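Report on the following structure.
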Amino acid sequence: MSRPRTTALTVLVVALALGLGSSAVLAPEADALVSISTLTVVDGSVLISHAGSGFAPAREGEVVAAGDTIRTESGAAAEITYFEGSSVRLEADTQIVVESLRSEADGGTVIGMMQTLGRTWHVVTKLISGSSRYEVRTPSSTASVRGTIFAVDVHVDADGPAATVTTSEGVVVHSAAGPAGAASAVRVTAGQESTKSASRPAESVHAAAPATLREAPPRPASAPHHTKTDASSSDRAEVRTKAQPADPRVTTQLKDRATTSKISRQRRSG
């Protein structure tokens, strides 16, 4: 083989090797960028532990990954916006562990977390793909949804850890394992709540407290996730539904136009 052809072949092999190598390096990074989730609200004392490390003060805009733990202390609040647009708001004295954050081969998304204390509000995007899942596990039960707004309240009563699921929009499947190991699941529809504990896995669904439902965050009409505002959700609902007072200038202009039109018709008929 001639020297020019040998040189050309060598260059081609090196170029292919570099191309394949760079693709192997960039593919995981590109996949990671797709699943970036962040702390979009940090209000008060909020702590974060990355992958089991020690807790440190959390910062707004900090990246959250699977294995991270977020904790809000007294009087604090935080919000995580997940990579596919869903969000979870942590109220005071709440702790969650982000367990799953991934995209499936068919385009579905899987988000899972373990809530050990306190109350969270979730605004879940509409899940289209069959493989998509959004789950909140607690020490006593699991809440599974496919596009809804709901709250999970983990507390300790006389029977041990218990979890109350309150649904503001959509349907939540609230399940727990009974004493014999058999799972008990109920559908919690909008305006209802369900409480389950190790000793009461089959408690019936009942109407939710109106005060709790009023605290539900609204589903944004145009943005992928809601942002922090000073007004509460009930205040925002009141603003949307309250009638605006009539402008007296507009009323006067309308009356003047009606009078002018009436005079013109009278002149034409005369």
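Numbers for residues simply follow the sequence, beginning at 1. The shown structure was predicted, so the numbers you read here are calculated from the model rather than taken from an experiment.
- Between the side chain of S103 and the main chain of G107, no donor-acceptor pair closer than 3.5 Å is present.
- Side-chain N/O atoms of E91 and T94 include no donor and acceptor closer than 3.5 Å.
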Go through E135 and T142 one step at a time and tell me if the side chain to side chain donor-acceptor pair (under 3.5 Å) criterion holds. CA-CA 7 Å; E135 293 183 345; T142 299; over 6 Å; no
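- Judged purely by distance below 3.5 Å, without hydrogens or angles, the side chains of T164 and E193 never pair a donor atom with an acceptor atom.
- Between the side chain of S86 and the backbone N or O of T125, at least one donor-acceptor pair lies under 3.5 Å.
- Distance check: I80 CD1 to H122 NE2 gives 9.5 Å after rounding to the nearest 0.5 Å.
- Looking at D43, its side chain never comes within 3.5 Å of a backbone N or O of A78 through a donor-acceptor pair.
- Judged by distance alone, with hydrogens and angles left aside, the side-chain atoms of E84 form no donor-acceptor pair with the main-chain N or O of T109 at under 3.5 Å.
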Assess whether side-chain contact (heavy atoms from CB on, under 4.5 Å) is satisfied between T40 and E79, documenting all intermediate values. CA-CA 6 Å; T40 46; E79 179 176 294; 3.4 Å; yes
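- The line from CZ of R133 to OG of S100 is 7.0 Å long, rounded to the nearest 0.5 Å.
- Judged by distance alone, the side chains of E203 and H174 never bring a donor and an acceptor atom under 3.5 Å apart.
- Looking only at distances, a side-chain donor or acceptor of R146 sits under 3.5 Å from a matching main-chain atom of S132.
- Using modelled atom types, one side-chain atom of R219 and one backbone atom of V124 make a donor-acceptor pair closer than 3.5 Å.
- Aromatic ring orientation, Y82 versus Y134: perpendicular (interplanar angle above 60°, classes split at 30° and 60°).
- The shortest distance between side-chain heavy atoms of E62 and D68 does not fall below 4.5 Å.
- How far CG of L47 is from OG1 of T72: 9.0 Å, rounded to the nearest 0.5 Å.
- Between the side chains of S131 and E104, no donor-acceptor pair of N or O atoms lies under 3.5 Å.
- Q115 CD to Q95 CD: the interatomic distance, rounded to the nearest 0.5 Å, is 10.0 Å.
- Considering I36, V110, I111 in turn, I111 is the only one that fulfils the side-chain contact (heavy atoms from CB on, under 4.5 Å) rule with L101.
- Side-chain polar atoms of T81 and T38 form no donor-acceptor pair below 3.5 angstrom.
- One distance of note links OG1 of T138 with CG of L117; it measures 11.5 Å at 0.5 Å rounding.
- Closest non-hydrogen pair, Q192 versus R187, comes out as OE1-O, 3.9 Å.
- Between V123 and W121 there is no side-chain heavy-atom pair separated by less than 4.5 Å.
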